[in-house]
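Some notes on the structure that comes next.
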Amino acid sequence: QVQLVESGGGLVQPGGSLRLSCAASGNIFSISAMGWYRQAPGNQRELVAHITSGGTTNYADSVKGRFTISRDNAKNTVYLQMNSLKPEDTAVYYCNAAIILYSDYGSEFDYWGQGTQVTVSS
């Protein structure tokens with residue numbers, strides 16, 4: 001019943017910027033938190049940034065000062081503004097949302113987008 005649709009990935013030069021978007025749709029009662037994770041080839045999936053419904057944010061140390069996560073609750077959308085990109089940021093970026101459905105107030109599940117490729121290279 002829930003879909004997360006990501007957009008904004010692509011190829012960018014070092015020092016450049018990209019803005020990722022993720023929109024959630026479905027029979028959604030509430031979204032307690034949304035975030036971005038990334039996975040580079042051969043590596044574990046890691047948290048990049050996280051934001052609660054109240055606007056509290058957390059960032060991986062590697063992206064602090066360069067990335068900004070934001071959320072539009074009315075649109076069920078989360079954004080990741082990525083500035084000063086480095087080759088080390090190259091990965092598939094996945095949107096994540098913790099969602100409670102109207103049909104089941106007692107259950108909260110994590111939903112994932114299909115991923116969007118970010119490549120930082122000259």
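Worth saying up front: this structure is predicted, and the values here are computed from it rather than measured.
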Q117 and T90: CA distance, side-chain angles, deciding distance, side-chain contact (heavy atoms from CB on, under 4.5 Å) verdict: CA-CA 8 Å; Q117 178 70 47; T90 296; 4.0 Å; yes

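- Across all their heavy atoms, A49 and L80 have their closest contact at CB-CD1, 4.1 Å.
- Shortest non-hydrogen contact noted between S17 and N83 is OG-OD1, 2.8 Å.
- Note on Y111: it does not cluster hydrophobically with Y94, by side-chain heavy-atom contacts below 4.5 Å among ILVMFWY residues.
- Hydrophobic clustering places L20 together with V12 (ILVMFWY residues linked when any side-chain heavy atoms are closer than 4.5 Å, directly or through intermediates).
- I99 and V5 fall into different hydrophobic clusters, where Ile, Leu, Val, Met, Phe, Trp and Tyr residues are linked whenever their side-chain heavy atoms come under 4.5 Å apart, directly or through other members.
- The aromatic rings of Y93 and F67 lie tilted to each other, with the angle between the two planes from 30° to 60°.
- Looking only at side-chain heavy atoms (C-beta outward), C95 and W36 come within less than 4.5 Å of each other.
- Side chains of L85 and Q13 form no contact here, defined as non-hydrogen atoms less than 4.5 Å apart.
- Counting only heavy atoms from C-beta outward, the side chains of D89 and R66 approach each other to under 4.5 Å.
- Note that CG of N27 is 12.5 Å distant from CD1 of I100, once rounded to the nearest 0.5 Å.
- What you find for R71 and T52 is that their closest heavy atoms are NH1-C, 3.2 Å.
- Ionic pairing of D61 and K64 is present here: one or more N-O contacts between side-chain nitrogen and carboxylate oxygen are shorter than 4.0 angstrom.
- The cluster map of Ile, Leu, Val, Met, Phe, Trp and Tyr, joined by side-chain heavy atoms under 4.5 Å apart, puts Y37 and L18 in different clusters.
- The heavy-atom pair separating T116 from E6 by the smallest distance is N-OE1, 3.6 Å.
- Residues V118 and I69 are members of one and the same hydrophobic cluster, defined by side-chain heavy-atom contacts under 4.5 angstrom among Ile, Leu, Val, Met, Phe, Trp and Tyr.
- Contact check for I31 versus V78: no side-chain heavy atoms found under the 4.5 Å cut-off.
- In this structure, the side chains of F29 and D104 stay at 4.5 Å or more apart for every pair of heavy atoms.
- For the atom pair CG of N76 and OG of S25, the computed distance is 8.5 Å after rounding to the nearest 0.5 Å.
- Between S32 and E108, the side chains place a donor N or O and an acceptor N or O closer than 3.5 Å (distance only, hydrogens not considered).
- Counting all heavy atoms, side chain and backbone alike, P14 lies closest to S122 at CD-N, 3.7 Å.
- The two atoms that bring T68 and Y59 nearest to each other are CA-OH, 3.4 Å, heavy atoms only.
- Once rounded to the nearest 0.5 Å, the distance linking CG of L101 with OG of S107 reads 8.5 Å.
- With sequence neighbours left out, the ring-ring contact (aromatic ring centres under 6.0 Å, His included) criterion links F109 to no other residue.
- With sequence neighbours left out, E46 forms a salt bridge (Lys or Arg N to Asp or Glu O under 4.0 Å) with R38.
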